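All heavy atoms count here, side chains included; hydrogens, waters and symmetry mates do not. Predicted, not measured: the structure shown is a model, and the values here were computed from it.
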Amino acid sequence: MITFWIISAVLILIAIAFLAPALLRTRQTMVLDRNQQNVVIAQERLSELEADLANGVLDQDQFQQSKLELEQALILDLSEDEEGGSKDEAPRGPGRIAMGGLALLVPALTLVIYLNLGSPHLVEPGGQDVMAGHQSGEAPSVEQMISALEERLEGNPEDAQGWFLLGRSQMAQENYPRAMQAFEKVYKLVGDEPAVLLALADAEAMSRQGDLSGRPSELIRKAVKANPSDTTALWMAGIVEHRAGNLQLALQHFQLLEPRLAEEPESQARVQGFIATISEALGVAPAASQEPVASPGADAAPAKVKLRIALAPEFASQASPEETVFVYAKALQGPRMPLAAARHKVKDLPLEIALDDSTAMMPAMRISNFPEVTVGARVSRSGNAIAESGDLVGEVSPVSVSGDGVTEIVINSRMP
């Protein structure tokens, strides 16, 4: 117990030592420190603005306006500090008096507060046993961080950036209904921002198993109208119009999108595939700038992926024979909805299957339009196509869409 009080006294002295320079230094030094703090705060705020610009929360004009206001505020702060400061050192008397008061009051207050609010019994021999196992030392899980963010937003419901971050986090967890609720909050706070409109449309569509009809389509059309140069808006708008049968408008969106993907050859090739397919349906030739998409020759292997799916032995006793197994192929980038999918039962495993254009989820999103895909299999506890916590899953990526070879998928992990 004596050791505990000695350590406590040393820590108090260290704390006072940290405060001493601030109490005894001159006013001029304090002004310099404030200037440094203002610069650091401005740098942190600029980093936040740049992150918002990268995430689509701010457009370029809003970013430049906010940056200008930040620079003006910093200049004003620095100017006020220089004008308000004095070249002469401030008297040291008040600082010394405060220092003496702290040296007496801090130990006394610390002792009183600890004896009344702390746990003095833990300093007795064996007292630490009460705390054994209380803290694991592990980093918080994603679910814990999301819960903490939700609690913070309960106290600050006007935090649009917080709600947007929560929505993105829920999308990453594939909790689409909760993501939709978060994006609805952002939409009410900021209005028709393209990034928010697209995020809300994506969440609502995914919560309905990839169905873009109805409100998601309306949100996407509103987003592309607000920002006709946004690549995500053009991509999703092209898909919406194609599914709605508005082929000419879909073609216009994809033709605007294609040159903007020059630095993403794989995505550009996919858009070129859309353009070729729609142009053929309309009976028109692709645009001159459009590179023709080569059709597979007679000797070329059909576009498909051959899969062999098995359940890991350690999960064999945890899956019921009648539970549903979803087998799917997804694009490496772009829309999250599967390109091709098939449904089976756990009792069918081990299973060999091929996914090709005949198993496509959407006519415009065929597996033959993609050179590589992500393939996976998921045991659904609820039988729902939307992934849920507790589902068993296995994925392999990337896999070539060549029709050659068989890809082994082992369902060997559990979704958090």
Side-chain angles (χ1 to χ4, degrees), residues 142-143 146 169-181 202-214 216 239 243 303-332 334-368 370 372-399 401 403 405-416:
V142 175
E143 290 79 5
I146 290 177
S169 301
Q170 297 288 13
M171 288 294 289
Q173 293 294 101
E174 299 186 356
N175 191 343
Y176 304 121
R178 296 293 295 275
M180 186 172 64
Q181 293 173 7
D202 189 20
E204 185 164 344
M206 293 305 293
S207 69
R208 300 188 305 182
Q209 303 183 28
D211 183 6
L212 287 169
S213 62
I239 293 174
R243 294 188 65 180
K304 63 181 177 181
V305 288
K306 298 178 182 178
L307 308 174
R308 183 179 295 114
I309 301 102
L311 185 63
E314 60 268 26
F315 288 116
S317 61
Q318 302 180 35
S320 169
E322 295 300 321
E323 287 181 329
T324 302
V325 177
F326 289 100
V327 184
Y328 55 85
K330 299 189 298 186
L332 298 181
R336 296 182 179 86
M337 65 188 68
L339 303 172
R343 182 194 297 255
H344 290 273
K345 297 286 187 180
V346 170
K347 64 183 179 183
D348 299 330
L349 301 177
L351 169 71
E352 290 194 10
I353 187 175
L355 297 179
D356 54 23
D357 287 348
S358 67
T359 56
M361 301 290 289
M362 296 172 52
M365 295 289 289
R366 297 178 297 179
I367 198 171
S368 58
F370 302 84
E372 292 182 324
V373 294
T374 296
V375 295
R378 178 173 57 83
V379 176
S380 173
R381 300 300 194 183
S382 63
N384 196 326
I386 299 176
E388 298 180 358
S389 177
D391 287 354
L392 308 178
V393 67
E395 280 192 349
V396 179
S397 180
V399 174
V401 180
V406 178
T407 300
E408 301 277 352
I409 299 177
V410 179
I411 302 174
N412 58 2
S413 62
R414 186 186 302 277
M415 298 197 67

Sub-4.5 Å side-chain heavy-atom contact between [X] and [Y]:
X: Y176; Y: Q170; result: no
X: N175; Y: I146; result: no
X: T324; Y: K345; result: yes
X: V327; Y: I309; result: yes
X: Y328; Y: E395; result: yes

Task: Qualifying salt bridge (charged side-chain N to carboxylate O under 4.0 Å, His left out) pairs with a residue from residues 317-326, counting only residues at least two apart or across chains - done: E322-K347, E323-R381

Please report the interatomic distance [atom1]([X]) to [atom2]([Y]), rounded to the nearest 0.5 Å.
X: E174; Y: E388; atom1: CD; atom2: CD; result: 10.5 Å
X: S389; Y: Q173; atom1: OG; atom2: CD; result: 8.5 Å
X: K306; Y: D356; atom1: NZ; atom2: CG; result: 11.0 Å

Task: Any donor-acceptor pair under 3.5 Å from T374 side chain to P398 backbone - done: no

TODO: Please check if the side chain of S413 supplies one atom and the backbone of V393 the other of a donor-acceptor pair under 3.5 Å.
DONE: yes

So, for [X] and [Y], which heavy atoms are closest and what is the spacing to 0.1 Å?
X: P177; Y: S207; answer: N-CB, 4.2 Å
X: L349; Y: L311; answer: CD1-CB, 4.0 Å
X: L392; Y: A319; answer: CD1-CB, 4.2 Å

Holding to side-chain contact (heavy atoms from CB on, under 4.5 Å), I want the full list of residues that pass it with [X], two or more places apart in sequence or in another chain.
X: P350; value: A310
X: Q181; value: R178
X: A342; value: H344, I353, L355

Open item on the list: If the condition is side chain to side chain donor-acceptor pair (under 3.5 Å), which residues does S213 pass it with, not counting sequence neighbours?
Closed with: D211

TODO: Using the test salt bridge (Lys or Arg N to Asp or Glu O under 4.0 Å), find all partners of E408 that sit at least two apart in sequence or belong to another chain.
DONE: R308

TODO: Check V399, I367, V401 against V375 for a side-chain contact (heavy atoms from CB on, under 4.5 Å) and give me the one that passes.
DONE: V399

